[in-house]
Amino acid sequence: MEGGAYGAGKAGGAFDPYTLVRQPHTILRVVSWLFSIVVFGSIVNEGYLNSASEDEEFCIYNRNPSACSYGVAVGVLAFLTCLLYLALDVYFPQISSVKDRKKAVLSDIGVSAFWAFLWFVGFCYLANQWQVSKPKDNPLNEGTDAARAAIAFSFFSIFTWAGQAVLAFQRYQIGADSALFSQDYMDPSQDSSMPYAPYAEPSAGPDPASMGGTYQQPANAFDAEPQGYQSQGY
């Protein structure tokens, strides 16, 4: 359950790239990474226009430099965040500390939800500025495809990051129900509360009827019928 809850393999296990790339959250991270490249690449390459009457370039989104800056900043930072958490996915199987594993998954939930919100803001902002852009500012319709692509992939990024948050929350729930995050987890082979067979006190006389009392653990502590010590596999 440890490997299935988050990342590939068990704690302290070897890195398995085949298992890693099959993880749904890894696939969503790669998709989010590609979407971020499309957004900031489109704006950087074709999001600024030149005017014959002006020496400086202006933003294609209603001449609002803040709109272009926001799109580029969110795209670049999302790109770096995806790389960071992809590296965490690779390193996670090597983390043996319960607290560190829990922190990693919780941070994944928070960061993914935060980026979904930023992309939502970015989509609304860029779409609004594009809608109110004046045709006279771009009579040749230069860079319009790139501008629309940035808006579209901002919208798609909302769902990829929200999906990462949902998957991270599911991994947290799985880990909370297993030994992955349990601080009280104990190896069953070392659990002293397992029932033992009753101890029969030998009698001093030859008469079997005079056998001494039988020592048995309290009935409220174990099952009514002695089960004997059994080693549990895990």
Side-chain angles (χ1 to χ4, degrees), residues 7 17 20-92 104-168:
L20 177 66
V21 297
R22 295 174 58 197
Q23 297 291 332
H25 62 270
T26 302
I27 296 173
L28 278 180
R29 287 201 216 287
V30 174
V31 173
S32 299
W33 178 71
L34 293 174
F35 286 177
S36 67
I37 294 175
V38 173
V39 173
F40 78 77
S42 298
I43 297 176
V44 169
N45 290 329
E46 301 184 55
Y48 293 90
L49 303 177
N50 292 314
S51 174
S53 59
E54 301 177 19
D55 295 333
E56 297 182 359
E57 295 180 330
F58 60 89
C59 178
I60 195 173
Y61 296 104
N62 195 33
R63 287 180 168 263
N64 186 350
S66 297
C68 286
S69 297
Y70 185 91
V72 172
V74 171
V76 171
L77 292 176
F79 171 85
L80 297 175
T81 303
C82 287
L83 292 180
L84 175 64
Y85 276 87
L86 282 171
L88 179 61
D89 289 341
V90 173
Y91 179 69
F92 191 88
V105 179
L106 286 175
S107 71
D108 194 6
I109 298 172
V111 170
S112 298
F114 177 69
W115 276 108
F117 171 74
L118 289 183
W119 280 118
F120 174 76
V121 173
F123 165 72
C124 295
Y125 190 22
L126 294 180
N128 173 261
Q129 292 301 300
W130 178 250
Q131 186 177 13
V132 297
S133 296
K134 301 176 179 60
K136 66 178 182 179
D137 292 332
N138 187 16
L140 300 179
N141 291 325
E142 297 178 86
T144 54
D145 290 340
R148 293 191 181 100
I151 295 173
F153 283 93
S154 295
F155 178 74
F156 298 151
S157 295
I158 299 171
F159 299 98
T160 59
W161 283 97
Q164 292 181 63
V166 171
L167 291 176

Student: Sequence neighbours excluded, which residues qualify as disulfide (SG to SG under 2.5 Å) partners of Cys68?
Tutor: Cys59
Student: Please find the pair of heavy atoms, one from Ile158 and one from Phe123, that lie closest to each other, and give the distance.
Tutor: CD1-CB, 4.2 Å
Student: What are the two closest heavy atoms between Gly75 and Ser36, and how far apart are they?
Tutor: O-CB, 3.4 Å
Student: Roughly how far, to the nearest 0.5 Å, is the CH2 atom of Trp119 from the CG atom of Leu126?
Tutor: 8.5 Å
Student: From Phe155 CZ over to Phe35 CZ, what is the distance, rounded to the nearest 0.5 angstrom?
Tutor: 11.0 Å
Student: Quick one: pull up CG in Leu49 and CD in Glu57 and give me the separation to the nearest 0.5 Å.
Tutor: 8.0 Å
Student: Please tell me whether Tyr125 and Ser154 have a donor and an acceptor in their side chains that are separated by less than 3.5 angstrom.
Tutor: no
Student: Is there a side-chain contact between Phe156 and Val31 in this structure, where contact means two heavy atoms from C-beta onward sitting under 4.5 Å apart?
Tutor: no
Student: At their closest point, which heavy atom of Ile60 faces which heavy atom of Ser133, and how far apart are they?
Tutor: O-OG, 3.5 Å
Student: Please name the residue in the list Val166, Asp89, Leu86 that meets the side-chain contact (heavy atoms from CB on, under 4.5 Å) test with His25.
Tutor: Asp89
Student: Checking ring pair (Phe, Tyr, Trp, His ring centres under 6.0 Å) for the pair Phe114/Phe117: CA distance, chi angles, key distance, verdict?
Tutor: CA-CA 5 Å; Phe114 177 69; Phe117 171 74; 7.0 Å; no
Student: Between Thr160 and Ser157, is any pair of side-chain heavy atoms under 4.5 Å apart?
Tutor: yes
Student: Indicate the atoms forming the closest heavy-atom contact of Ile43 with Gly71, along with that distance.
Tutor: CD1-CA, 3.7 Å
Student: What distance do Asn62 atom CG and Gln131 atom CD have between them, rounded to the nearest 0.5 Å?
Tutor: 10.5 Å
Student: Flag the pair Arg148 / Trp130 as yes when at least one side-chain heavy-atom distance between them is below 4.5 Å, and no otherwise.
Tutor: yes
Student: Look at the side chain of Ser69 and the backbone N and O of Ser66, then say whether any donor-acceptor pair between them is shorter than 3.5 Å.
Tutor: no
Student: Taking side chain as C-beta onward, heavy atoms only, is Arg29 less than 4.5 Å from Gln164?
Tutor: yes
Student: Could you go through Leu118 and Tyr70, starting from their C-alpha distance and side-chain angles, then the distance that decides it, and tell me whether this counts as side chain to side chain contact (heavy atoms under 4.5 Å, CB included)?
Tutor: CA-CA 10 Å; Leu118 289 183; Tyr70 185 91; 3.9 Å; yes
Student: Just by distance, do the side chain of Tyr61 and the backbone of Ala147 share a donor-acceptor pair under 3.5 Å?
Tutor: yes
Student: Show your working on side chain to side chain contact (heavy atoms under 4.5 Å, CB included) between Thr81 and Trp161 and close with a plain yes or no.
Tutor: CA-CA 11 Å; Thr81 303; Trp161 283 97; 3.9 Å; yes
Student: To the nearest 0.5 Å, how far apart are CG in Leu77 and CG in Leu84?
Tutor: 12.0 Å
Student: Hey, what do you get for CG (Leu34) to CZ (Phe79), rounding to the nearest 0.5 Å?
Tutor: 9.5 Å
Student: Considering non-hydrogen atoms only, spot the tightest contact between Ala104 and Leu88 and give its length.
Tutor: CB-CD2, 4.0 Å
Student: For Ser32 versus Cys82, what's the shortest heavy-atom pair and its separation?
Tutor: CB-SG, 3.8 Å
Student: Taking atom OH of Tyr48 as the centre, report whether more than 12 heavy atoms of other residues, nucleotides or ligands fall under 6.0 Å from it.
Tutor: yes
